[in-house]
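Once you've had a glance at the structure underneath, I'll fire off some questions.
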Amino acid sequence: MNMEEIKIQQTDIRKAKPDQSNLPFGHYFTDHMFLLDYNLEQGWHEPRIVPYAPLVLDPAAMVFHYGQAVFEGMKAFIAKDEQILLFRPNKNMERFNQSNRRLEIPEIDGDFIIHAIQKLVNVDKEWIPSGKGTSLYIRPFIIATEACLGVRASHTYQLLVILSPVGAYYSEGLEPVKINVESSYTRAVRGGLGTAKAAGNYAASIKAQTEAKDAGYSQVLWLDAIEKKYIEEVGSMNIFFKINGKVITPELNGSILAGVTRDSIMELLNNWGVPVEERQISIEEVYEASLNGTLEEVFGTGTAAVISPVGELFWNNHQMIVNQGHIGQLSQKLYDTITGIQTGLIPDTLHWTVQV
Ligand code: COI
């Protein structure tokens with residue numbers, strides 16, 4: 001990739017910053033964004049930071065018709081001495097390229113994109129919130145821009161990075177969420193897009209999510225597409241169960257997203273000597289554990305969700321209340337540790353943070 005210097009065009013108009021005390025997720029955007037173009041002749045080229053503004057795209061741009069779009073989710077935090085920290089950005093870039101390969105999008109130079117993100121975050125650094133549980137959410141994404149209605153890989157793309165000051169992903173915050181176990185709709189199937197962070201996976205999830213919301217649940221827990229038996233993920237997060245002292249999370253089976261927080265949690269648990277198993281786990285096993293009193297904790301993990309305790313699972317007319325609807329001790333310790341490392345309050349012995 002062409003490592004051209006990133007041009008910066010500063011905005012003349014600064015937007016008002018949102019109230020930090022009650023930040024929703026993903027409603028506010030900063031003053032600037034990063035752009036990078038791709039065509040067959042030049043590859044990825046013309047990196048630039050420009051004022052945040054709507055895009056002009058041809059109505060025939062392939063992203064609108066065939067959904068060739070991938071994204072990532074990262075966060076920047078204000079640590080002590082006004083230091084700005086990113087969390088494991090190289091992991092996101094590895095996954096960005098895995099998604100690119102699956103969707104026939106040209107790969108990017110991850111180090112260069114991290115460099116661009118550092119520049120962009122620096123330009124908009126006064127937007128990074130500092131309240132507890134807040135951060136600057138970073139959304140890199142790539143869209144197919146060629147005007148063509150033939151079904152094939154686009155010949156042109158745009159990579160963008162936008163920034164959003166955020167609070168907790170779920171309005172419940174650290175209050176446990178209620179989750180409906182989805183037995184009709186399917187998120188992904190092996191060989192499909194499930195392991196890629198493709199926009200289409202989220203489109204596939206919306207109907208089930210709306211129905212779950214209408215029934216009083218925050219999210220859906222997806223089961224495998226074939227047997228509707230094995231647990232996959234929540235869509236906005238990976239899922240962990242603590243049963244009889246052991247922590248279990250579904251293995252990466254070809255239809256589950258490899259979460260960066262998921263990986264970090266497993267490393268922390270291993271370091272703490274907490275038994276952790278990555279394996280197939282059926283919803284029946286969880287139900288049995290709930291009946292016999294060994295289902296101790298359930299929590300989701302994700303960049304946006306961080307650690308999100310689950311207080312109730314609803315499956316097949318069975319209601320499973322977890323830890324009497326309260327956050328479990330391990331979930332709380334994981335939340336405190338991961339956010340502590342991210343914000344520099346806990347020494348980063350695993351070298352996960354990167355300074356901006
Ligand atoms: C993230 O955790 O960063 C994600 O991309 C999930 C999304 C549903 C907000």
Side-chain angles (χ1 to χ4, degrees), residues 23-29 67 69-77 85-100 102-103 113-114 117 121 128-129 133-143 159-174 177 179-180 182 187-188 193-210 212-213 217-222 232-240 249 252 255-265 299-310 334-335 338-339 342 352:
L23 268 179
F25 183 87
H27 283 267
Y28 298 99
F29 300 96
V70 295
F71 70 96
E72 271 305 319
M74 305 159 68
K75 279 176 174 173
F77 303 86
L85 300 177
L86 302 177
F87 185 72
R88 307 189 78 185
N90 50 325
K91 288 288 239 188
N92 292 91
M93 291 304 122
E94 275 167 27
R95 192 175 59 188
F96 212 4
N97 271 332
Q98 274 163 21
S99 304
N100 287 337
R102 179 62 184 84
L103 276 96
I113 302 304
I114 293 173
I117 287 171
V121 168
I128 310 176
T134 66
S135 58
L136 187 69
Y137 187 76
I138 303 167
R139 173 53 62 87
F141 62 107
I142 300 176
I143 52 173
L159 182 154
L160 299 95
V161 183
I162 55 174
L163 306 174
S164 175
V166 298
Y169 184 68
Y170 297 113
S171 54
E172 290 91 335
L174 258 190
V177 293
I179 290 189
N180 183 48
E182 178 55 55
R187 172 187 171 271
L193 294 184
T195 55
K197 210 157 171 62
N201 286 333
Y202 298 80
S205 75
I206 285 169
K207 189 164 177 58
Q209 196 184 316
T210 307
K213 276 244 155 81
Y217 298 92
S218 305
Q219 283 289 318
V220 298
L221 177 60
W222 297 100
E232 300 244 305
E233 59 157 286
V234 176
S236 52
M237 51 188 192
N238 295 112
I239 191 95
F240 287 74
T249 193
L252 300 178
S255 51
I256 295 175
L257 191 78
V260 176
T261 313
R262 175 188 181 278
D263 182 83
S264 311
I265 291 309
F299 57 90
T301 64
T303 298
V306 196
I307 303 291
S308 179
V310 176
L334 285 165
Y335 177 85
I338 208 110
T339 54
Q342 288 171 334
W352 279 342

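Whatever order the structure lists ligands and atoms in, that order sets their numbers, starting from 1.
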Exercise answer, ligand 1 polar atom pairs (N/O) under 3.5 angstrom:
{"from": "ligand 1", "atom 1": "2 (O)", "to": "Thr303", "atom 2": "N", "distance (Å)": "3.3"}
{"from": "ligand 1", "atom 1": "2 (O)", "to": "Ala304", "atom 2": "N", "distance (Å)": "2.8"}
{"from": "ligand 1", "atom 1": "3 (O)", "to": "Tyr137", "atom 2": "OH", "distance (Å)": "2.5"}
{"from": "ligand 1", "atom 1": "5 (O)", "to": "Tyr137", "atom 2": "OH", "distance (Å)": "3.2"}
{"from": "ligand 1", "atom 1": "5 (O)", "to": "Lys197", "atom 2": "NZ", "distance (Å)": "2.8"}

Does this structure show an ion pair linking Arg187 with Glu233, if we count only N-O contacts that are shorter than 4.0 Å?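 Yes, charged N to carboxylate O under 4.0 Å.
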With salt bridge (charged side-chain N to carboxylate O under 4.0 Å, His left out) as the rule and sequence neighbours excluded, what pairs involving residues 194-207 come up?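 Residue pairs passing salt bridge (charged side-chain N to carboxylate O under 4.0 Å, His left out), neighbours aside: Lys207-Glu211.
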Please name all residues satisfying side-chain contact (heavy atoms from CB on, under 4.5 Å) with Ala69, sequence neighbours left out, ordered by chain then number.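 Result, side-chain contact (heavy atoms from CB on, under 4.5 Å) vs Ala69: Val63, Ile143, Ala199.
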Tyr335 ring center within less than 6.0 Å of Phe299 ring center: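 Ring-ring flag for Phe299/Tyr335: false, centres at least 6.0 Å apart.
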Verify, without hydrogens or angle tests, whether Ser164 (side chain) and Tyr28 (backbone) share a donor-acceptor contact under 3.5 angstrom.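 At least one qualifying donor-acceptor pair exists.
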Going by salt bridge (charged side-chain N to carboxylate O under 4.0 Å, His left out), name the residues that satisfy it together with Arg88, two or more places apart in sequence or in a different chain.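 Checked Arg88 against salt bridge (charged side-chain N to carboxylate O under 4.0 Å, His left out); matches are Asp263.
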